[in-house]
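Remarks on the structure that follows.
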Protein chains: 2
Amino acid sequence: MGNLTIKDIAKVAGVSYSTVSRALSGAPGISSATRERILKICDEKGYRANALARSLINKKTNVLGLIVPEVTNPFYSELSLEIETYARELGYNIMLCNSLNDHERTDELFNFLLSHRVDGILHASSRIYSADMLKNYSSSIPFILIGTAPAECNSILNTISTDNYEGGRIAAKYLLSLGHRDIFYMGYRKGSTSHQLRLLGFNSVMENAGLKPVILENPSNGSSISRGYDLCRKIFSKPFRQTAMFAATDSMALGALQAAEEYHISIPGDLSLLSYDNTIFSSLPGISLSTVDQRKQALAHAAVDLMMHLIEHPYNDQHTHQLISPSLVLRNSCRELTSGT
Amino acid sequence: MGNLTIKDIAKVAGVSYSTVSRALSGAPGISSATRERILKICDEKGYRANALARSLINKKTNVLGLIVPEVTNPFYSELSLEIETYARELGYNIMLCNSLNDHERTDELFNFLLSHRVDGILHASSRIYSADMLKNYSSSIPFILIGTAPAECNSILNTISTDNYEGGRIAAKYLLSLGHRDIFYMGYRKGSTSHQLRLLGFNSVMENAGLKPVILENPSNGSSISRGYDLCRKIFSKPFRQTAMFAATDSMALGALQAAEEYHISIPGDLSLLSYDNTIFSSLPGISLSTVDQRKQALAHAAVDLMMHLIEHPYNDQHTHQLISPSLVLRNSCRELTSGT
DNA sequence: TAGTTTGTTGAAAACGTTTTCGAATTCATT
DNA sequence: AATGAATTCGAAAACGTTTTCAACAAACTA
């Protein structure tokens, strides 16, 4: 393509190309007369600086890598839009990649981003990664895990996540406050640190009240609607005494709704349903789930802010672990238990 | 950062750096013995080629720009995941940008992508752009509009879209086949060429049957749930004789559901609802919309395939306009009208 | 007037690759 | 043993920028 270079501009302006560079970068050491003149020529000719050459010499691309499991998951699409918008305000662009929750692919993406010399990598994931993998990632570039890392990684990793322990507590407290005593905890995923903490928080409140939830474990790798559906079908097909259910994600909750419809279980009439995530799903008409909000915007801002800090202070070995406090969003899927059981 | 270069590798291997380059690129003119030796060293030392330098000299980045209105819109998130996955298979990476349907921002993004010397730009949008703007985009780089352009742009632009005219026809035929005669067309957006065609197709079938739909126009810029809700509230608040409604997008249909719930209008009992898009929304439990599928995967493949062609044949002035045939997906939001009115 | 400072510009090196060209080595052929 | 072809490699230019350094002119100081 006939892309103009700085030399072409220099030729028509009758100056050396270093002068053009100075005019464009706003560097000092050039008279404002020639600067104006050169900028005008650039504008007329439609010159566009080559970001590759610029980055090559500056050792700075102003691009951040963002790895998410899947943009089709509303939680991650909402998060990534927040991150992109805020990063752009600060002069950074986002290279968005879908890991599909696959280790091998994640590795590939990581290498891709590194060879493109992005200035930093944000990795959003609820999956548990091996310490080795995370260590490898974190050692070569400013790196932030949006999510919860295994404890052994805390000294080598920056993390930002919602306070899942607190989120679990909030959920349990709310259900107890409505008078529920027999409660399902549906969709617990062993392979996710954030899920572990969420359950721990939930249990801590329950134990305090001398109670225990019935845990329905999700054996698979991701939280999909169909998994929630499968789990709930099993228990809805027989009578049960529980009056409330906490679903570990919005997707799981949707699956529960589907199963409830099939078995003519009214929500919240027969069963109160509390969810976690506050994605667009939970506010849909006919759904209207009460849910624990992960505050994606706060998460996004904190992540980008920290990334800016890491980029500006590359030799800082401190690793931070920020927790964003979740909040409760009430809609119409939970009801107070009337005293007569 | 201590990033290794080709020269570092050359030094430890005791060869010139051109030899290392040859080993890495798989070029001929090097003995397999030294190649093996060099590759082993690269592996051990963790060398990662600098894609910027490579692209600078090759004039090829293997990156495609993708501009969508918002990833949080399920239609675009599903489309972009399909595009990313397929492009990656073909050795290309995607730089995903959200235009937020804003002209100025779109221009910025476009300039950003150009200065990063992406190999091509895919622009997904249902918004009508000025011919000048599109001309400008299309002239400087392989460019594909995923959507429908104004007719005057056909000679300067490559486009790929679902056949909206046919989609409109399919929708109308289906509703007629169920016996409906009085029909709402809800959510028509003047500012979108694809919406215009959709309506044209719909009307062509209706006229043939001597009928006319009642058009509820969406005056705003995007199709959101709340707009559909607003439109439907107005008409649901009074009695109406229509027995079916076609919603121009899934989001609009969700708004209709919400309004219907509020006014105790049963769907499909009192009103059959047919939608357009087949996003994940339409298959959600308790929603289950019959809808016209835009076949996002076919769309994505066609777009990427065409882009590959454009990149390989840069001096081809032919402009193509591919249409993907939509298909009907039946769920539970439409019912057959019993003959006794 | 000579010397010093200040302001403006150009030449050239650098960033990390790929690729062209020519030189050196190996190997077969006579 | 000498010639030629084939193979393997290194030197250097190129990609489009930024930045350092030196050169030069103009303006000030004494």
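Here is how names work: the chains are called A, B, and so on, in the same order as the sequence lines, proteins then strands, and each is numbered from 1.
Residue-level contact check: Thr19(A) touches the backbone only, with heavy atoms under 4.0 Å from sugar-phosphate atoms and none from bases. Ala51(B) comes within contact range of no nucleotide atom at all, as no heavy-atom separation falls under 4.0 Å. The residue Ser21(A) sits close to a base: some heavy atom pair falls under 4.0 Å.
From one end of the helix from dT1(C)-dA30(D) to dT30(C)-dA1(D) to the other, with five pairs defining each end axis, the axis direction shifts by 60° (rounded to 10°).
Applying the ring-ring contact (aromatic ring centres under 6.0 Å, His included) test to pairs two or more places apart or on separate chains, none has a residue in residues 21-74 of chain B.
A 4.0 Å heavy-atom criterion places the boundary nucleotides of DNA chain D facing chain B at dT8(D) to dG16(D), written 5' to 3'.
Remark: His319(B) engages no residue in a ring-ring contact (aromatic ring centres under 6.0 Å, His included) (not counting sequence neighbours).
Of the residues in residues 35-42 of chain B, not one comes within less than 4.0 Å of DNA chain C through any heavy atom.
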Please table the atom pairs, donor to acceptor, closer than 3.5 Å between any side-chain atom in residues 79-89 of chain B and protein atoms at least two apart or in another chain.
| residue | atom | partner | partner atom | Å |
| --- | --- | --- | --- | --- |
| Ser80(B) | OG | Tyr76(B) | O | 3.1 |
| Ser80(B) | OG | Ser77(B) | O | 3.1 |
| Glu84(B) | OE1 | Asn98(A) | N | 3.2 |
| Glu84(B) | OE1 | Asn98(A) | ND2 | 2.3 |
| Glu84(B) | OE2 | Arg105(A) | NH2 | 3.4 |
| Glu84(B) | OE2 | Arg88(B) | NE | 3.0 |
| Glu84(B) | OE2 | Arg88(B) | NH2 | 2.5 |
| Thr85(B) | OG1 | Leu81(B) | O | 2.8 |
| Tyr86(B) | OH | Asp305(B) | OD1 | 2.7 |

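Distance CD1 (Ile57(A)) to P (dA12(C)): 16 Å, rounded to an integer number of Å.
Taking the nucleotide of DNA chain C with the nearest heavy atom to each of Tyr17(A) and Thr34(A), the more 5' of the two is matched to Thr34(A). Of the residues near DNA chain D, Leu56(A) and Ser18(B), the one whose nearest nucleotide (by heavy atom distance) lies more toward the 5' end is Ser18(B).
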